[in-house]
Amino acid sequence: MITVKKEGIILTKTELGFEDEAVLNPAVIKEGNTVHIFYRAVRTGNYSSIGYCELDGPLTIKERRNTPVLVPHFEYESQGVEDPRIVKINDLHYMTYTAYDGINALGALATSHDLEHFERNGLVVPQIPYDRFKFLAECSGEVNPKYFRQVRHFKPEENIFLWDKNVIFFPRRINGKLFFLHRIRPGIQIVGVYELSDLTDLFWEDYFLNMHLHIVMDPVHEEFEASYIGGGCPPIETEEGWLLIYHGVHDTPEGYVYSACAALLDLHNPQKEVARLPYALFEPEYEWEVHGVVDNVVFPTGTALFDDTLYIYYGAADKYIGCASVSLSELIEELLLNKTPDEK
């Protein structure tokens, strides 16, 4: 098994009004020796904004701002902007996040040239009622039945859409296309378009009619991802494929347990899984990972590579931001020992 070192807690909540309840689930991007962290900051009442912290090297705090960099602005994000991820494609930074209005949780996008000023690009996933999604996705007869067990019940008059979270862009175009992962339980799906303007209602109708063709990974291992999986950190390009650090969830008598997991996707066809670890990369083990706002959670959302050491930043028990480190080369080597049978 691969050796993972827990580096400990990086950030905790403060007494500031926008982050007096918790800090968690950071977007991370490295420039030289600087690590930029855009984290989910939660204030009392479970309203989320995005705060900022700068690290000197992988672990040392250099600057932490006392106001958020992104706050709820539109109705679709009125309850919070949550769980950001960030990549740089050419000269533009793509920050995705979950927009939450108190009922619906949907993937949204903001872009920036300088990491100071962000322009909102709106939702990048569809506002589709669950029943419509179910009707379309069932047409092929090739979709895991678990996709149709995630209905959430509210008052009939409310606008309720299929939850579509964990939108994560690949850090470059592949075959001329922008690709991003997203998550409709229980698996991880992928979208590839030449321009974001291609994401029309007609695009999504066809996408869901052929849902089975867009599923990258479904849960496989009972021990740590039996309930569902979801994207974690932005994919990392290696010679052997795109390294994906994702989260796996399994149900226990004490509730859900969230673990960090690892897989490889094909470098030229990221819809194809190349390898997957048969065990969790790391799990909740310390008090600050086991007990918090939500117990038993390690939720990886960003990485920074220093030489051969990959630092993985994660939300711990929905209360803190922690960090773990692992040898990148050893992780790739371990993954290649666990290649996925070619079924596609």
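What you see is a predicted model; the values in this text were computed from it and never measured.
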Residues forming a salt bridge (Lys or Arg N to Asp or Glu O under 4.0 Å) with E7, sequence neighbours excluded: K5
Short side-chain to backbone donor-acceptor contact, D266 and H268, under 3.5 Å: yes
Pairing of E116 and R65 as salt bridge, 4.0 angstrom limit: yes
Main-chain N/O of D91 paired to H113 side chain as donor or acceptor, under 3.5 Å: yes
Shared hydrophobic cluster for I9 and L55 (ILVMFWY, side-chain gaps under 4.5 Å): no
Polar side-chain atom of N90 near backbone of L92 as donor-acceptor pair, under 3.5 Å: no
Note: K6-E283 ion pair, threshold 4.0 Å (strictly below): no
I184 vs Q189 side-chain heavy atoms within contact, under 4.5 Å: yes
Listed partners of Y76 passing ring pair (Phe, Tyr, Trp, His ring centres under 6.0 Å), at least two apart: F74
Near-ring test Y207/H182, centroid separation under 6.0 angstrom: yes
CG/D307: more than 12 non-hydrogen atoms of other groups inside 6.0 Å: no
Heavy-atom pair of closest approach, residues L335 and L277: CD2-N, 3.6 Å
Those residues that, when tested against E75, pass side chain to side chain contact (heavy atoms under 4.5 Å, CB included) (two or more places apart): S78
Side-chain heavy-atom pair L59, I10 within 4.5 angstrom cut-off: yes
Side-chain touch Y256/V297, heavy atoms, less than 4.5 angstrom: no
Test item: K30 side-chain N/O and G32 main-chain N/O as donor-acceptor pair under 3.5 Å: yes
Mutual orientation of the aromatic rings belonging to F180 and F169 [parallel < 30°, tilted 30-60°, perpendicular > 60°]: tilted
Student check: side-chain heavy atoms of L106 and Q127 closer than 4.5 Å: yes
D198 side chain to F203 backbone, donor-acceptor under 3.5 Å: no
Any side-chain heavy-atom pair of P58 and Y313 under 4.5 Å: yes
Distance flag, aromatic centroids of Y314 and F282, threshold under 6.0 Å: yes
Non-hydrogen side-chain atoms of V293 and L24 separated by less than 4.5 Å: no
Closest non-hydrogen atom pair, P284 against N296: CG-C, 3.5 Å
Residue that, paired with T303, satisfies side-chain contact (heavy atoms from CB on, under 4.5 Å) out of L328, I29, V326, L310: L310
For the student: nearest non-hydrogen atoms of V81 and R40, plus distance: O-CG, 4.5 Å
Residue pair L196 / L178, side-chain heavy-atom distance below 4.5 Å: yes
Exercise: do Y100 and D83 side chains pair donor with acceptor under 3.5 Å: no
Under 3.5 Å: donor-acceptor pair, side chain of Y39, backbone of V28: no
Where K13 and E21 come nearest, the two heavy atoms and their spacing: CD-O, 3.4 Å
Heavy-atom closest pair, residues Y194 and N175: CE2-O, 4.1 Å
Over 12 non-hydrogen atoms of neighbours within 6.0 angstrom of CD in E205: yes
F38 side chain near F118 side chain, heavy-atom distance below 4.5 Å: yes
Polar side chain donor-acceptor pair, N25 to T301, under 3.5 angstrom: no
Distance-only side-chain donor-acceptor flag, T340 / R276, under 3.5 Å: no
Reference residue Y279; test side-chain hydrogen bond (donor to acceptor under 3.5 Å, both in side chains); the match among E223, H221, E334: E334
Taking every non-hydrogen atom, the tightest pair across G302 and P234: CA-CD, 4.5 Å
Axial cation check for F170 ring with K177, 6.0 Å and 45° limits: no
